[in-house]
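Notes follow the structure.
All chains are named by letter (A, B, ...) in the order of the sequence lines, taking the proteins before the strands, and each is independently numbered beginning at 1.
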Number of protein chains: 2
Amino acid sequence: MKSPHQDDSVANDRSQTPASVPAPVVSRLSLYLRELQRFQQRGWETVSSTQLGAELGFTDAQVRKDLAYFGQFGYPGVGYRCMELVAAIRGILGTDRTWNVALVGLGNLGRALLGHRGFHQQGFRITAAFDVAPELVGKTVEGVPVCSMEELAAVVQRESLKLAIITVPASNAQAVADQLIRAGIAGILNFAPVTLNVPSHVRVVGVDLALELEQLTYAVLQRAAQGD
Amino acid sequence: MKSPHQDDSVANDRSQTPASVPAPVVSRLSLYLRELQRFQQRGWETVSSTQLGAELGFTDAQVRKDLAYFGQFGYPGVGYRCMELVAAIRGILGTDRTWNVALVGLGNLGRALLGHRGFHQQGFRITAAFDVAPELVGKTVEGVPVCSMEELAAVVQRESLKLAIITVPASNAQAVADQLIRAGIAGILNFAPVTLNVPSHVRVVGVDLALELEQLTYAVLQRAAQGD
DNA sequence: TAGATTGTTAATCGATTAACAATC
DNA sequence: TAGATTGTTAATCGATTAACAATC
């Protein structure tokens, strides 16, 4: 077994990322990061895979296996140094830098996201907003200038934006996605309740609030049918 | 093979739901429902497992296997009748009735959700809102009365609420969850960026916006490292 | 040193896919 | 009938867990 300290150049070499990491691993990576930051806040210097996993409901083996996809970050007999692992995961996820994000659709939800504080803290910044409503275009909402849909390609290209959030009605979502992708967007966070059809080089994460609530109603009914 | 029409009493018997259906199956069920409703809008009478799956990027076998957990809904040689399957899935998920939902935390996001149209359409209605801010308590936001946290237990019990949405800061989320659960809430949609600790009879679905964006940055970086 | 904990391999578990008889 | 498509079983695939030598 090799400690990171014995060979930093290998242990911290993030370009050695394997061809393909299972998607569940990457989403747990985000959870580890979130949890590690909480351990840091509580003043922990190090944390073991058992402690980190327990907090999230995972086994210690899973934590170690997941991290092992990306390198060796731990110290046998000690655990993981919180600060180091936070830095490593941010590097892997790409949140060691700030990402500027485009937002399309200034309805209730879009406006809320513009004013959302949680983004900044994790390295995201909405720098451009778009809407079809003429009365909004040209104005500034939450400090972000609102542009027309016609300006989208130009703005996305000028600012080299790679990420976009879609908060338009379902009926327009696919057209907006097409437009964003043509402009060069590579990752879309989609709040419209439709499955977007995108080329393979574009990644979509969908958040459908009704759909999430349905998972809850199902669970509640199940419990009611059995337990009570 | 038995057609639903040959024995309705068995095919439609939702109480025959197996002890435990894998979680991924239930979340796909919601996707099937959403997609079926779109087929209906387009005027389709029936749809095959191949057609339904293609739209979502799943194999036909997966669609059939998933549905088979809950009964027999299809017609060999024909496919699934959209209207029937929509009704069946709504019955399974429990969205054939309306669910009243409590919302705690009237920040940007909470307010946006109060005014969110997508909920009503799928059978959800936020009927009670809570916040610590004295200047909000007693007022009405988007037609929903705002109560103090002290009133929470009474309101949840009076209205027999089973579902709640948490949109409070991370630092308060666990305490709010505890309070909700004590009041009788069984399902929580949590927007605070923390892992909630809840008893096994309570189900939590977490939506962490920064975390979703991290999945995108990772994917974008991967693509950049390989393709380009 | 003894105790703790890693990274990794092998064993297990569960979920997806393929195949096909049954059916309309 | 012939063509299409289901529900289901068996085969495959992938992900999780257990176990343990290596290490601090």
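Contact check on R28(A) versus E214(B) returns no salt bridge, with no Lys/Arg side-chain nitrogen under 4.0 Å from an Asp/Glu carboxylate oxygen. Taking 4.0 Å as the cut-off between side-chain N and carboxylate O, D178(B) and R182(B) do not count as a salt-bridged pair.
Along DNA chain D, the nucleotide nearest to G77(B) and the one nearest to V78(A) differ in position, and the one closer to the 5' end is contacted by G77(B).
The line from CG of L36(B) to CD of E55(B) is 10.5 Å long, rounded to the nearest 0.5 Å. With rounding to the nearest 0.5 Å, the separation of CD1 in I165(B) from CG in L180(B) is 11.0 Å. Of the inter-residue distances, the one linking T195(A) atom OG1 with L56(B) atom CG reads 4.5 Å to the nearest 0.5 angstrom. Rounding to the nearest 0.5 Å gives a distance of 10.5 Å between CZ of R203(B) and CD of Q222(A). Rounding to the nearest 0.5 Å gives a distance of 10.5 Å between OG of S30(A) and CZ of R90(A).
Residue Y75(B) has no polar side-chain atom (N or O) positioned under 4.0 Å from OP1 or OP2 of dA22(C).
The separation between L85(B) atom CG and dT5(D) atom C1' is 14 Å, rounded to whole Å. Per the geometry, CG belonging to L67(B) stands 16 Å off P belonging to dT5(D), to the nearest Å. Nucleotide dT8(C) holds its P atom 14 Å from the CZ atom of F70(A), rounded to whole Å. Rounding to whole angstrom units, OH of residue Y80(A) and P of dA4(C) are separated by 18 Å. For the pair Q72(A) CD and dT8(C) C1', the computed distance is 9 Å after rounding to whole Å. Atom CZ in R81(B) sits about 15 Å away from atom P in dT6(D), given to the nearest Å. Atom CZ in F73(B) sits about 18 Å away from atom C1' in dT23(C), given to the nearest Å.
Across all strands shown, dA4(C) forms a Watson-Crick or G-U wobble pair, both distances under 3.5 Å, with dT23(D). Base pairing annotation: dT12(C) forms a Watson-Crick or G-U wobble pair with dA15(D), both donor-acceptor distances under 3.5 Å.
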Expected rows: protein N/O vs nucleotides 15-18 of chain C N/O, under 3.5 Å:
| residue | atom | partner | partner atom | Å |
| --- | --- | --- | --- | --- |
| dT16(C) | OP1 | R28(B) | NH1 | 3.0 |
| dT16(C) | OP2 | R28(B) | NH2 | 3.0 |
| dT16(C) | OP2 | Q62(B) | NE2 | 3.3 |
| dT16(C) | O5' | Q62(B) | NE2 | 3.1 |
| dT17(C) | OP2 | T59(B) | OG1 | 3.3 |

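A side-chain donor-acceptor contact under 3.5 Å links Q174(B) to the backbone of N197(B).
Of all the residues in residues 30-57 of chain B, S48(B), S49(B) reach under 4.0 Å from DNA chain D with at least one non-hydrogen atom.
Counted within 6.0 Å of CD on E159(A), heavy atoms from surrounding residues, nucleotides or ligands total more than 12; the atom is thus considered enclosed.
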